[in-house]
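What follows is one structure encoded as structure tokens, with my remarks underneath.
Indexing begins at 1, ligand by ligand and atom by atom, following the structure's order.
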Amino acid sequence: MASRKSSQPKRESRDKYSVLLPTYNERENLPLIVWLLLKYFGEGGYDYEIIIIDDGSPDGTLEVAEQLQKIYGKDKIVLRPREKKLGLGTAYIHGMKHATGNFIIIMDADLSHHPKFIPEFIEKQKEGGYDLVSGTRYQGNGGVYGWDLRRKLISRGANFLTQVLLRPGASDLTGSFRLYKKNVLESLVERCVSKGYVFQMEMIVRARQLNYTIGEVPISFVDRVYGESKLGGNEIVSFVRGLLTLFATT
Ligand SMILES: Nc1nc2c(ncn2[C@@H]2O[C@H](COP(=O)(O)OP(=O)(O)OP(=O)(O)O)[C@@H](O)[C@H]2O)c(=O)[nH]1
Ligand SMILES: *[C@@H]1O[C@H](CO)[C@@H](O)[C@H](O)[C@H]1NC(C)=O
Ligand SMILES: [Mg+2]
């Protein structure tokens, strides 16, 4: 009798998921995040690629990425490095240009965003045919771990302020763990002008304006263990300034 592989998840379509992984000094985190991505994509039977965009990290992140590419193959690990630190916004654009998937997943490489949520993002997207699926720390089982009170208050405050000012119809605006249809991401990136923390927020605000449909998946966000955090007074000032600009122009 022919064995039925009923436990094997079957691939339902030709959808392909391109993960954009921007890195700056993530040498310690990269092997684990890549391993976890392979694990969850593999278990789900999904077609995927991981695009690593390193901005000339002085800690040798790129060398680690090259090793990973040797281990896992060039079709799974795609390297699109840049000479120097040019910022997160342009890193996404740079990575997107090389993406071959019809869906794009944006996440941090510092293990704050756990790959275990990706199958949920994908299922959510399929369920509602959403244009984008956003991870949310502020619904259901979502949450934040490892932040001090100050940072929790800043994040909550930023989120609340934005909810009041812009009514974007999504519960987590400053998070960056999201899945997009590729053409949707392209059209959003074209329109977004903000830099830094406001960028993620502008993306979702514009998505709502353009009547794109948004699905949400609760995620737990864990603060980075390795590497330095950079949230300081400057970021807060530029965040509020960016928010008000967005409010004035939309
Ligand atoms: N390519 C590239 N990646 C960057 C740049 N800045 C940050 N990253 C990466 O973008 C992701 C998010 O940056 P983080 O430094 O984690 O930002 P954050 O989560 O707001 O702050 P902390 O985790 O508290 O430091 C990480 O994977 C970083 O390595 C950059 O200029 N270029
Ligand atoms: C979005 O939907 C609203 C209400 O249905 C409509 O008035 C508006 O023109 C739509 N915007 C775009 C960009 O399609
Ligand atoms: Mg981080």
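- Of the candidates Thr61, Thr90, Asn29, Ile53, Ile53 brings a heavy atom nearest to atom 1 (N) of ligand 1.
- Heavy-atom contacts of Glu26 reach the following atoms of ligand 1: 26 (C), 27 (O), 28 (C), 29 (O) (cutoff under 4.0 Å).
- The shortest N or O to N or O distance between Asp54 and ligand 1 is not below 3.5 Å.
- Between Lys39 and Glu43, at least one side-chain nitrogen of the basic residue sits less than 4.0 Å from a carboxylate oxygen of the acidic one, meeting the salt-bridge criterion.
- Annotation: Ala91 places no N or O atom under 3.5 Å from an N or O atom of ligand 1; distance criterion only.
- Considering backbone and side-chain N/O of Arg151, one or more are found under 3.5 Å from N/O of ligand 1.
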- [ ] Would you check, one step at a time, whether the test salt bridge (charged side-chain N to carboxylate O under 4.0 Å, His left out) holds for Lys126 with Asp15?
- [x] CA-CA 10 Å; Lys126 285 186 199 286; Asp15 288 333; 3.6 Å; yes
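- For ligand 1, the atoms lying closer than 4.0 Å to a non-hydrogen atom of Ala109 are 26 (C), 27 (O).
- Looking at Thr61, its side chain does come within 3.5 Å of a backbone N or O of Glu26 through a donor-acceptor pair.
- For the residue pair Arg224/Ser112, the side-chain donor-acceptor check at 3.5 Å is not satisfied.
- Ranking the protein heavy atoms by distance from atom 13 (C) of ligand 2 puts Gln209 O, 3.8 Å first.
- Contact annotation: Ser112 has no heavy atom less than 4.0 Å from any atom of ligand 1.
- The presence of a protein heavy atom under 4.0 Å from atom 9 (O) of ligand 2 is ruled out.
- Under the 4.0 angstrom criterion, atom 5 (O) of ligand 2 counts as lacking any protein heavy-atom contact.
- Considering backbone and side-chain N/O of Asp55, one or more are found under 3.5 Å from N/O of ligand 1.
- Atoms of ligand 1 lying under 4.0 Å from any heavy atom of Arg224, numbered from 1 in the order shown and given with element: 14 (P), 15 (O), 16 (O), 22 (P), 23 (O), 25 (O).
- With salt bridges taken as basic N to acidic carboxylate O contacts below 4.0 Å, one links Lys124 and Glu127.
- Scanning all protein heavy atoms for the shortest distance to atom 14 (O) of ligand 2 gives Asn211 ND2, 3.3 Å.
- No N or O atom of Phe221 sits closer than 3.5 Å to an N or O atom of ligand 1.
- Under a 3.5 Å cut-off, the side chain of Gln125 and the backbone N or O of Val133 do not form any donor-acceptor pair.
- Counting only distance, with no hydrogens or angles, the side chain of Asp55 and the backbone of Tyr24 share no donor-acceptor pair below 3.5 Å.
- The Mg ion (ligand 3) lies closest to atom OD2 when only the N/O/S atoms of Asp110 are considered.
- Here the side chain of Arg208 pairs no donor or acceptor atom with the backbone of Ile204 at under 3.5 angstrom.
- Every atom of ligand 1 with a heavy atom of Leu88 under 4.0 Å away is listed here by number and element: 3 (N), 4 (C), 8 (N), 9 (C), 10 (O), 31 (O).
- Taking the six-membered ring for Trp and the full ring otherwise, the centers of Phe121 and Phe177 sit less than 6.0 Å from each other.
- Side-chain N or O atoms of Glu216 include one that pairs as donor or acceptor with a backbone N or O of Ser171 at under 3.5 Å.
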